[in-house]
There are 2 protein chains.
Amino acid sequence: MQKMCGQDNPKHQCHCQGTRMERFIQPCLLLLLHEKPTHGYELMESLKEFGFEDGGDPGLVYRNLRKLEEEGFVTSEWETEGTGPAKRLYSVTDTGIDLIHSWSAHIQSNINRLQYFLQRYRNSLGSQPKNEE
Amino acid sequence: MQKMCGQDNPKHQCHCQGTRMERFIQPCLLLLLHEKPTHGYELMESLKEFGFEDGGDPGLVYRNLRKLEEEGFVTSEWETEGTGPAKRLYSVTDTGIDLIHSWSAHIQSNINRLQYFLQRYRNSLGSQPKNEE
DNA sequence: ACATATATATGATTATAACATATATAGAAA
DNA sequence: TTTCTATATATGTTATAATCATATATATGT
């Protein structure tokens, strides 16, 4: 049996599996880092604003940051000052900024595709009653 | 080196990797089959309207159809009449229709997330000049 | 006879997310 | 002072899905 999406209402269990937005975490991280250079743990907190439940999986966040750094879109340095364990502070590079622009263009075209789908959905099914589960 | 997205203009090679819309082929197949029961090969042709280049990979299309059938969202039967090789004709079931509704709700919420991103992008970067590659 | 269009299917590889843990620092509470 | 929690980063493992490659077969056009 396939996994369910859960969506907004935890009681409603639909089967659409439309939960994942592939790679979407990447532009979110870049944009957040452009707004304010910071570290992974705080980024997780901010990711909630972009719809990532609980800020997303730590593994996903930290690995994405490392990969972005490998590829030159962000840079990092250790911050040992202050309380608690050391933080790895990230900031966006110039190519990172370019990447945000690229992503934004792409996200706009994704919106267009999704809206095309909804348009067509409404034309053929939108006004019909739904079978409640 | 990471893969590039290609986007609209084949000459423009951006690095956003935002090409895939995970699982999006599923609601498209279901909606097309609701509009008109048909077979995989023709579905590939129609998928172009939803932004799938060349109608998407045949492997992806046929495997998705089989999986949807396994799960009871579509049914199929062989069509041996007519010219050319036999076609497997698919149509949507009632639970398949429900699934389209679920997907649509989800797609709407994905649009909202993407638009939230773009809004925030415009606030912090939208008016600035882009470094052309 | 050979190429092409139609039609379905499957094997193998790669990319990504999800799930599970491990490690370490520091403050608060008991 | 022991224990709990929050902070902070990291990695191993598995599951899922897209991509790439290829195989098979029917029919038509040249």
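Protein chains get the first letters and strands the later ones, always in sequence-line order, with residue 1 at the start of each. Worth saying up front: this structure is predicted, and the values here are computed from it rather than measured. Values below: all heavy atoms of this structure, side chains included; hydrogens, waters and symmetry mates excluded.
- Residue A:G59 is classed as a base contact, given a heavy-atom separation below 4.0 Å to a base.
- Checking the phosphate oxygens (OP1, OP2) of D:dA8, no side-chain nitrogen or oxygen of A:R88 falls inside 4.0 Å.
- With rounding to whole Å, A:N64 atom CG is found 14 Å from C:dA15 atom P.
- Contacts of A:R66 with the nucleic acid, taken as non-hydrogen atoms under 4.0 Å apart, involve only primed sugar atoms and P, OP1 or OP2.
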Please lay out, stage by stage, how A:E42 and A:K87 fare under the test salt bridge (charged side-chain N to carboxylate O under 4.0 Å, His left out). CA-CA 10 Å; A:E42 195 173 64; A:K87 310 174 222 306; over 6 Å; no
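- With a cut-off of 3.5 Å on both pairing distances, the Watson-Crick or G-U wobble partner of D:dG29 is C:dC2.
- The side chain of B:T83 contributes an N or O atom lying less than 4.0 Å from OP1 or OP2 of D:dT28.
- Note on ring orientation: taking the six-membered ring where Trp is involved, the planes of B:F117 and A:F50 are tilted (angle from 30° to 60°).
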Yes or no on side-chain hydrogen bond (donor to acceptor under 3.5 Å, both in side chains) for A:Y62 and A:R66, after CA distance, side-chain angles and deciding distance? CA-CA 6 Å; A:Y62 289 112; A:R66 291 307 210 86; over 6 Å; no
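- Both tests hold for A:R113 against B:F52: distance to the six-membered ring centre under 6.0 Å, angle to the ring axis within 45°.
- For the OP1/OP2 pair of D:dT16 and a distance below 4.0 Å, the side-chain nitrogens and oxygens of B:K67 include no atom meeting the criterion.
- Residue whose closest nucleotide on DNA chain C sits further toward the 5' end, between B:G84 and A:L60: B:G84.
- Counting to the nearest Å, the P atom of C:dA9 and the CE atom of B:M44 are 13 Å from each other.
- Going from atom CG of A:L65 over to atom P of D:dA8 covers 14 Å, rounded to whole Å.
- What separates CZ of A:R23 from P of C:dA18 is a distance of 12 Å, to the nearest Å.
- Picking from C:dT6, D:dT7, D:dA17 the nucleotide with the shortest atom distance to the side chain of B:Y41 gives C:dT6.
- If you measure from atom CD of A:E45 to atom C1' of D:dT7, you get 11 Å, rounded to the nearest angstrom.
- Side-chain atoms of A:W78 lie closest to D:dA10 of the nucleotides C:dT25, D:dA10, C:dT16.
- Atoms CD (B:E79) and P (C:dT8) sit 11 Å apart, rounded to a whole Å.
- If you take CG of A:L68 and P of D:dT9, they are 15 Å apart, rounded to a whole angstrom.
- Distances shown here put every side-chain N or O of B:R63 at or beyond 4.0 Å from the OP1 or OP2 atom of C:dA9.
- Residues B:I111 and A:L118 are in side-chain contact: their nearest non-hydrogen atoms beyond the backbone lie under 4.5 Å apart.
- Using Watson-Crick or G-U wobble geometry with both donor-acceptor distances under 3.5 Å, D:dC20 finds its partner in C:dG11.
- Nearest-nucleotide mapping onto DNA chain D: of B:D57 and A:Y62, the residue sitting toward the 5' end is A:Y62.
- In this structure, CD of B:E77 is placed 16 Å from P of C:dA7, rounded to the nearest angstrom.
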